[in-house]
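These notes are about the structure you will find just below.
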Amino acid sequence: MNLHTANEWRPQTVPPSTPVREAIGSVIYEFRWLAADTAMMAWRNLMHYRRNPETLMSTIAGPVMFLFLFNYVFGGAIGAGRDFNYIDYLVPGVLIQNNLFTVMNTGIGIASDLQKGFVDRYRSLPMARSAVLGGRVCATSLISFVSVYWTLAIAMLFGMRFHGDLLPVLLMPLVVGVFCFGVAWLSALVGVTVRNAETASASTFFITIPLTFLSSTFVPVETMPGWLQAFAEVNPITHVVNLCRNMAQGGPLESYAWITAFWIALLIIGVGTLATWSYRRIS
Amino acid sequence: MDNAIEVRQISKSYGKVVALENVDLNVRRGSVMGLLGPNGAGKTTLVRILTTLLRPSSGSATVLGYDVVRHARHLRSYIGLAGQSAAVDDLLTGRENIHMAGRLYHMPKREVQKRAQDLLEQFDLVEAADRSVKGYSGGMRRRLDLAASLVANPPMIFLDEPTTGLDPRSRLELWDVIRNLVSEGTTVLLTTQYLEEADQLADEITVIDLGKVIAQGTADELKHQAGSEFIEVTVRDAEETRRAAGVLSNFAENNECDINEEDNIASIMVEDGAPLMVQIVRSLDAEDIAVANMAVRQPTLDDVFLALTGRTAEEAATESEQDQD
């Protein structure tokens, strides 16, 4: 693009609507800038973590706390009389829960940007508008993906072992990462909708806690009363956690995989589009 | 194409609330337009429309020849906006903030680095350049915000209340920065609640009140519109002030004399002050009133605002704050 100094400026003619071939070129051009702008915004958000490392506290300490609490405090009771090692059962659940907490920061950040009038600056720039959301989503998703390995390391110290085949075990963190990328878009939608950091933070709590506890995250669903089982059975978290669990420990994958894939697609394509659309509409 | 901005009959309403009503505005290229009005007059709404952040309800506007609605995306490459709320990122350094803005204008990396250094020097931010913005003073944040909005050398820049909330020294510094911009040929549209600021910086002033343009012209023209000049006579005590007022009211355009009892000043509005001075001195002398000081005063923009709206700028601001509550 051309940059003019004030004195060189002359009126530009707006490019006329382009024929198909040029349209393809312009799509590639747009996509390139979308990627560059998103990367820039992600960089900004990653710098926030670097300058304010305490915001990572819950991501780092969360898995240690939950693994300790559930394995040693509740583990004896939950695992008693069952044919599995509770820590093996527990880890995928803690992984998903902790990563949900991490990516749910997406919306809080977006809401606080909107609150501070920061977004006006971005919207007056020639950058891709969706990059403001995309950048945050990518930054939190990246952090959450890296934290998978941290959680697994802690879990292995606590005695967790993999019993699944090599390929599913290696792919399991990726499933967690992609699912959380989708949930990050949900959080972005929350942030754009409430436009207030405190409200976003509170809504996060009310979304994450019921979804993770009323599922197979910590206990087998069969132990719940029937009406609760009915909810837990349709809760997407149950399916993702079961998929990750069977990938790590061996077990049937297919049915969980399809349902998880459906939810991931819904979150990324459906919710992602909705969030971007809501953001564009803000005026 | 001599106009950088052409606004035709722009209106904007939110439900029943009318923020702007049939606003017309032309801004010559390379000039400074001051948009003057109290809080809630519609200044920011107009700036938001012109910077493509808001769509008008009706009417049309072009900036640098681009329609603000149809060519919004192209236009954004050629404008800079420094808003009321200093949109700089607290956790990044000054340099990083400018860098980020430059990259989002899609400037090449190397060019941004060079430009960032130039701007940091120009805005006296070199020392603080690599510290995080969290520790910056209010004035520094505004300067950084302005620097970031100038990174792409935009030929048109919008400053929305650039000095609101700044201490007097920082305000003067920022004024210098803005004057420099203009000397480089940038067109500036600035909004302000401060009459003095508009008087100091703007080539032309548009007065907005309650979403409507109520006056337009140079500072001098506006002052002229307020009508007249003032003759102020300072005497020794309150009693003499009253007597002087009796004499002066005969010379006044409206046969009225304002008394400032605190400072013993009597003042009248007249068409043309200078020729009357001698006569006034003689008449006062005949009444045995000793004149301590006598001056012809041009109307200030405060007088203009009062003449145009029937209330002072401060009253208007208070009113609209109450409206908002």
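Lettering follows sequence order; numbering is per chain, from 1. All of these numbers come straight from a predicted model, not from anything done at the bench.
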Worksheet entry | Distance (rounded to the nearest 0.5 Å) between A:R129 CZ and B:R73 CZ | 9.0 Å
Worksheet item: Which distance, rounded to the nearest 0.5 Å, do you find between the CE of B:M100 and the CH2 of A:W43?
Response: 7.0 Å
Discussion item. Around atom CZ of A:R50, are there more than 12 heavy atoms from other residues, nucleotides or ligands closer than 6.0 Å?
Written reply: no
Worksheet item: How about A:M41 and B:L104: do any of their side-chain heavy atoms sit closer than 4.5 Å?
Response: yes
Worksheet item: Do the side chains of B:K134 and A:N52 get nearer than 4.5 Å, heavy atoms only?
Response: yes
Discussion item. Let's test your reading of the structure: which of B:L81, B:T51, B:I157 forms the most heavy-atom pairs below 4.5 Å with chain A?
Written reply: B:L81
Item to complete: Please list, chain by chain and in numerical order, all residues satisfying side chain to side chain contact (heavy atoms under 4.5 Å, CB included) with A:R51, sequence neighbours excluded.
Response: A:M47, B:L91, B:L92, B:T93, B:E96
Discussion item. Using 0.5 Å steps for rounding, measure from the CG atom of A:L125 to the NE2 atom of B:H106.
Written reply: 8.5 Å
Discussion item. Measuring only between side-chain heavy atoms, which start at C-beta, is B:T52 closer than 4.5 Å to A:S124?
Written reply: no
Worksheet, complete the sentence: CZ of B:R76 to CE of A:M127, rounded to nearest 0.5 Å, is 10.5 Å
Discussion item. Salt bridge check, A:R121 against B:D145: does any charged N sit closer than 4.0 Å to a carboxylate O?
Written reply: yes
Discussion item. Which residues pass the side chain to side chain contact (heavy atoms under 4.5 Å, CB included) test with A:L174, not counting sequence neighbours?
Written reply: A:F145, A:L171
Practice prompt. List the steps and the verdict of salt bridge (Lys or Arg N to Asp or Glu O under 4.0 Å) for A:D120 and B:R48.
Written response: CA-CA 9 Å; A:D120 272 4; B:R48 289 175 62 90; 2.5 Å; yes
